[in-house]
K.L.:
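Provided herewith is a single structure, encoded as structure tokens, for subsequent inquiry.
Residue numbers begin at 1 in each chain, while the letters A, B, ... track the order of the sequences. Only heavy atoms go into these numbers, but all of them, side chains included; no hydrogens, no water, no symmetry mates.
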Amino acid sequence: MTDKRKAFVAIAALVATVGTAQVSAAPKPKLDLKPATLRFSWWGGDSRHQATLAAIDAFMKRYPQIKIEGEYSGYEGYEAKLTTQIASVTCPDIMQVTAARVKEIQAQSKAPVFVDFSAYPKLIDLSGFDKSFLGQWGTLNKQVIGLPTGLNSYNFVFNKKLCDAAGISISKQWTYEDLVVEGSKVNKAFPGEYFFSMSTDQTAHLLHNYMRQYAGDQLAKDDYTIGVSKDIIAKAFAYYRRLLDEKVLEPLERSSLYEDASKNPKWIAGKQGMALAWASTVGLLKNDNVQLVAATFPIEPKAKGTGTVINPTQSFTVYAKSKNIEAAVAFLDFLYNDEEAVRILNTQRSVPPVEKARKILADNRLLDPLVQGMVDMSLKKSDVPLTVKIENPEVRKVYFDIIEQVGYGKLKPDAAADQLTVRLSALLSDLKKSEAAK
Amino acid sequence: MARRTKPAIRKATAYIVLIAIGALMVYPILFLISASFKTNQELFGSASLLPKSLSLSAYAEAWSGVGRNSFARFLGNTFILVIPTVAFTIVSSTIVAYGFARFNFPFKRVLTLLMISTLMLPNAVLVIPRYIMFTRFGWANTYLPFIVPALFACYPFFIFLLMQFMRGIPRELDEAAFIDGCGSFRILVDVIAPLCAPALFSAGILQFIWTWNDFFNSLIYINSVSKFPIALGLRLGMDTAGDISWNKIMAMSFMSIVPCVVLFFSAQKSFIEGIATTGMKG
Amino acid sequence: MAPLEIMTLADNRRNRGSIARRELAGLLYLIPWAIGFLVFQLYPLVSSMAYSFTNFSVSGRPSFLGLENYGRIFSSDADFWISLRVTFLYVIISVPLKLAFALFVAMLLNMEVKGIGAFRTIYYLPSILGGSVAVSILWRFLFSVDGAINKALGLLSIPPVSWLGSPRYALFTISLLSVWQFGSSMIVFLAGLKQVPNELYEAASIDGSSSAGRFFKITLPMITPMLFFNLVMQTINAFQEFTAAFVITNGGPMKSTYLYGLKLYQEGFQFFKMGYASALSWILFAILIALTALTFKSSSYWTFYEDGGR
């Protein structure tokens with residue numbers, strides 16, 4: 001080559017490099033992945049299955065040497081199957097796992113069960129995730145083992161139609177006193193009807209939120225202690241009794257069977273004024289008899305925190321004993337960061353956790369405004385995320401037992417607070433012993 | 001002196017009772033069927049049996065599955081799973097039951113109890129070791145964990161059932177055949193087994209329906225969606241943790257039992273009514 | 001009775017060896033079961049027993065605990081006793097009712113009436129439906145406070161009952177689901193009824209006995225083998241019942257439906273305490289073996305076998 005030609009080539013190359021660096025929206029350069037067959041398990045409904053399968057297809061088109069087999073089903077039995085797979089060391093390469101279980105499962109085992117994503121910076125870009133969110137839900141001992149599949153927030157959702165009819169004002173931020181005062185208006189205006197109903201699980205959330213606002217800490221902490229004093233626990237249970245006694249809350253004999261309002265005939269008929277709802281399933285509450293308006297949980301004056309709950313919808317993990325870790329990690333990177341995948345997956349697992357993905361959906365108006373609104377308002381009033389311990393199934397069982405007894409009138413709030421403290425301390429110290437032994 | 005009610009009155013009373021109880025029995029099922037035609041809203045809103053509008057959308061959606069695997073495929077899988085299992089169960093259970101019923105060897109009571117005792121541990125704690133064992137055999141993601149144990153009489157329910165039934169057959173028949181020169185196996189095949197027809201039918205039908213409906217074990221052992229039997233295939237879209245349309249669940253459940261119902265109805269007519277009551281011959 | 005006895009008695013002195021050999025031949029017929037047991041059943045049984053002596057937690061390595069699990073169950077697990085009590089109650093309520101209905105309906109269906117095939121199918125339908133999530137949801141629909149059952153009661157001016165929301169009625173309502181699915185017991189009884197020789201009925205009616213007399217003197221004794229079978233099997237199943245309690249009420253309200261099978265599942269698959277769950281299951285095993293052995297022993301007093309045995 002002549003000198004002039006050499007110079008031209010060099011400059012062209014330089015421009016090309018600079019040029020590609022600027023175009024950040026261009027597809028990532030293709031990775032050199034070995035041919036592999038991956039197993040990917042998730043649960044969901046038909047629409048989630050369709051979307052996930054379509055995303056898999058898009059990935060396989062880009063990397064024809066990678067085959068991904070979906071092992072999908074409804075939720076029933078999924079937890080049992082996953083448990084069996086873990087125990088028999090036969091897990092799929094990529095797994096969708098209940099977010100709260102990820103750290104627990106890994107904590108029980110000395111050997112790695114899940115892959116540490118932070119060890120593969122070239123394969124997966126984690127910068128789009130909120131650091132503290134990822135830290136709380138997916139990081140154990142500095143290893144990032146679970147990636148949230150979506151942002152899910154827990155809110156109050158009002159039925160404006162009924163609230164207007166009963167003269168309830170929902171425009172300002174409520175306190176817990178407002179909930180009692182305004183809520184009791186429904187039973188006064190329409191005898192036999194109640195403002196809302198709650199399952200034991202929902203009650204647990206509400207009362208925990210109440211406790212957090214007074215205690216500034218959570219009921220079961222990750223250091224195996226109880227963060228809420230007996231007095232405040234008793235106060236919370238007393239408040240629960242008030243909701244029942246002042247006829248704000250539907251009696252348990254009627255409502256205990258309905259996991260959420262979408263199954264409660266009263267809500268469907270438009271006879272209730274409010275329901276507690278997760279952003280990911282708020283769509284179930286819509287019907288012709290209600291008009292939905294979302295709000296955060298009540299906030300007490302002088303509250304030590306809002307107690308707002310934002311959870312991952314679920315988590316994606318990669319099996320540490322997988323033979324195809326690189327392909328699996330690359331696939332997850334595709335699902336989270338690639339525009340095509342983001343559009344395909346949409347809000348099948350609620351609002352995307354990656355900032356860029358949210359922007360893509362928002363720009364294209366693909367986000368349900370109600371869902372987006374719920375997540376946004378929770379993000380604005382966010383608090384420290386829930387501890388792993390409060391989501392521990394054994395802790396929940398003790399907590400739920402006592403709530404039930406208070407709700408059915410078998411235990412008075414003070415006695416309930418005593419029992420809860422005693423049983424919870426015993427349980428937490430047991431857990432400490434068994435987890436330390438691993 | 002006995003009062004004998006007229007056969008006609010007895011028959012009429014029988015009919016009335018049958019219909020009354022039958023109505024109670026079938027009401028929940030009618031409710032399930034009508035639920036499959038209702039929207040979520042209507043379902044939770046009213047308790048009447050008649051849906052406001054007959055929407056077949058739930059059935060259409062259930063039939064098409066999730067697009068990638070059709071109902072026909074799941075049906076085919078189910079037959080591949082169920083038919084060998086039932087056939088092997090009947091054959092092996094009959095042979096083993098004959099041994100328990102007609103022979104008096106030492107430790108018979110102990111062995112009988114041992115045989116039944118395998119039913120006494122809940123499945124939940126056996127699932128993990130069983131799964132490990134079958135994986136080591138290389139049978140994961142196949143139907144072999146169902147079919148091969150059936151060949152080796154691993155369903156004590158049926159062994160015990162046939163054993164009890166065989167004990168209701170008089171020994172004179174065995175002895176008569178023995179005198180004619182039949183060995184014990186000939187006696188089994190020519191004398192005992194034909195007389196067990198009602199019990200064989202019962203065992204066959206029960207095993208068919210249980211294997212057909214088996215959800216939990218199938219879920220654990222089968223990974224590929226394309227190998228799912230109906231019990232799994234029709235529940236693919238049942239995200240009870242999230243978004244569900246109940247009419248679809250009801251439609252799916254109903255559709256999954258229709259083949260069983262048809263089979264039961266046609267088989268029982270020929271079997272039970274074709275069998276003359278057993279008893280001593282001549 | 002048995003010409004068999006006369007023959008063997010006579011032959012016994014001559015052919016003791018060949019009789020014994022003949023009986024031992026029975027063991028040959030057990031070979032398929034023996035293989036099945038050794039290959040497919042023994043390993044899981046032994047494994048689960050081994051787990052029960054460890055703290056196997058699914059993902060971790062188990063370490064040996066000796067009898068600690070068992071100790072804890074008996075000394076510091078209040079829920080163990082609650083679930084045991086609830087389960088015993090469930091068995092006592094559901095099993096006799098189920099067997100009574102099954103026998104009653106089987107007798108009706110044994111008659112030669114027109115359309116009997118359709119009736120048999122209708123009565124068996126609930127059992128075909130099986131124990132699925134859909135059925136449990138169905139039960140919830142029907143028995144909720146605004147459900148169909150209460151609406152029907154309302155037509156009779158009976159005030160609504162909280163069938164599933166009240167600790168007083170929930171267990172009974174769950175038991176009803178089991179009773180509703182009496183189909184398989186019914187099929188077993190039907191087979192047994194088919195075995196009763198018609199000649200006996202004919203002879204009895206010639207002698208002038210009433211239908212009640214015929215039932216108690218002929219039918220009932222002749223089907224005791226099947227009754228015994230159903231009693232043992234349904235009891236074993238009832239003790240292990242889980243799905244209904246899990247899906248309909250999740251053990252509530254206030255543990256009134258907290259069946260043993262549910263506790264076991266929770267400990268193993270939700271709390272990941274497989275070792276503890278295995279210990280629970282072996283305790284259940286011990287209870288069931290004891291009950292079954294007792295039933296077997298008692299059966300010689302009330303079970304009649306055509307083959308002359310006990």
Side-chain angles (χ1 to χ4, degrees), chain B residues 2 11 14 18 22 25-26 28-29 31-32 47 92 95-96 98-99 103-105 113 117-122 124-126 129-130 133 149 152-154 157 160-161 164-165 167-172 175 184 198-199 202 206 209 213 249-250 253 257 260-261 264-265 268-269 275 277-279, chain C residues 4 23-27 29-30 32-33 35-36 40-41 43-44 47-48 108 111 113 117 119-126 128-130 132 134 138 142 147-148 151 184 187-188 191 194-195 197-199 208 210 225-226 229 233 236 240 261 264-265 268 277-278 281 285 288-289 305-307:
Chain B
K11 278 209 173 162
L18 277 176
M25 295 285 287
V26 95
I29 301 192
F31 189 85
L32 183 135
S92 66
I95 294 176
V96 175
Y98 183 60
F103 297 86
N104 240 327
F105 41 83
L113 214 52
S117 72
T118 53
L119 289 174
M120 296 182 192
L121 268 180
V125 294
L126 293 175
R130 276 208 181 120
M133 176 179 75
F152 290 98
C154 285
F157 182 92
F160 190 28
L161 172 64
Q164 290 298 95
F165 196 85
R167 301 192 65 185
I169 297 175
R171 287 244 184 195
E172 286 88 349
E175 294 296 324
S184 60
S202 300
L206 288 174
I209 291 179
N213 276 341
I249 296 182
M250 297 302 171
S253 305
I257 66 166
C260 286
V261 176
F264 178 79
F265 186 69
Q268 55 102 27
K269 257 183 157 340
I275 299 165
T277 43
T278 66
Chain C
L4 166 70
E23 302 297 339
L24 278 179
L27 283 171
Y29 287 97
L30 261 53
W33 170 72
I35 299 178
F40 297 115
Q41 314 264 42
Y43 172 75
S47 282
S48 75
L108 281 175
M111 299 168 68
V113 258
F119 278 111
R120 260 188 228 124
T121 311
I122 289 181
Y123 281 96
Y124 193 51
L125 260 177
I128 300 184
L129 215 43
S132 62
L138 179 69
L142 291 173
K151 290 225 162 61
S184 47
I187 295 218
V188 171
K194 279 291 167 197
Q195 216 179 16
N198 248 352
E199 293 94 33
S210 66
M226 291 313 181
F229 172 82
M233 284 298 149
I236 294 180
Q240 298 178 36
L264 212 135
Y265 177 85
S278 302
S281 71
F285 182 89
L288 288 175
I289 278 267
Y305 292 107
E306 229 353 283
D307 69 0

K.L.:
Identify which part of Asn213(B) has an atom lying under 4.5 Å from any heavy atom of chain C, answering side chain, backbone, both or neither.
P.N.:
side chain
K.L.:
What's the verdict on side chain to side chain contact (heavy atoms under 4.5 Å, CB included) for Phe40(C) and Met133(B), showing C-alpha distance, side-chain angles and the deciding distance?
P.N.:
CA-CA 8 Å; Phe40(C) 297 115; Met133(B) 176 179 75; 4.2 Å; yes
K.L.:
Run the ring-centre check on Tyr124(C) versus Phe265(B) and record whether the distance is less than 6.0 Å.
P.N.:
no
K.L.:
For chain C, which candidate among Gly168(B), Gly99(B), Ser202(B) shows the most heavy-atom pairs at distances under 4.5 Å?
P.N.:
Gly168(B)
K.L.:
Between Cys260(B), Ser117(B), Ala199(B), who has the most heavy-atom pairs with chain C when the cutoff is under 4.5 Å?
P.N.:
Ser117(B)
K.L.:
Looking only at heavy atoms, which two atoms of Phe157(B) and Leu119(B) are closest? And how far apart?
P.N.:
N-CD1, 4.0 Å
K.L.:
Taking every heavy-atom pair that is under 4.5 Å apart, which of Ile187(C), Leu138(C), Ile122(C) has the most such pairs with chain B?
P.N.:
Leu138(C)
K.L.:
Under a 4.5 Å heavy-atom cut-off, does chain C meet the side chain of Thr118(B), its backbone, both or neither?
P.N.:
side chain
K.L.:
Which atoms of Leu129(C) come close to chain B, meaning under 4.5 Å heavy atom to heavy atom: side chain ones, backbone ones, both, or neither?
P.N.:
both
K.L.:
With no hydrogens and no angle check, is any side-chain donor or acceptor of Gln240(C) less than 3.5 Å from a backbone partner on Gly261(C)?
P.N.:
no
K.L.:
Let's test your reading of the structure: which of Leu121(B), Leu113(B), Ile29(B), Leu126(B) forms the most heavy-atom pairs below 4.5 Å with chain C?
P.N.:
Leu121(B)
K.L.:
Determine whether a donor-acceptor pair (N or O, by modelled atom type, separation under 3.5 Å) exists between the side chain of Ser47(C) and the backbone of Pro44(C).
P.N.:
no
K.L.:
Taking the six-membered ring for Trp, are Phe103(B) and Tyr98(B) closer than 6.0 Å centroid to centroid?
P.N.:
yes
K.L.:
Please find the pair of heavy atoms, one from Ala153(B) and one from Ser92(B), that lie closest to each other, and give the distance.
P.N.:
N-OG, 3.3 Å
K.L.:
Taking side chain as everything from C-beta outward and backbone as N, CA, C, O, which of these in Ile209(B) sits under 4.5 Å from a heavy atom of chain C? Side chain, backbone, both or neither.
P.N.:
side chain
K.L.:
Please classify the contact between Phe285(C) and chain B as side chain, backbone, both or neither, with a heavy-atom cut-off of under 4.5 Å.
P.N.:
both
K.L.:
Does any heavy atom of chain B fall under 4.5 Å from the side chain of Ile236(C), the backbone, both, or neither of them?
P.N.:
side chain
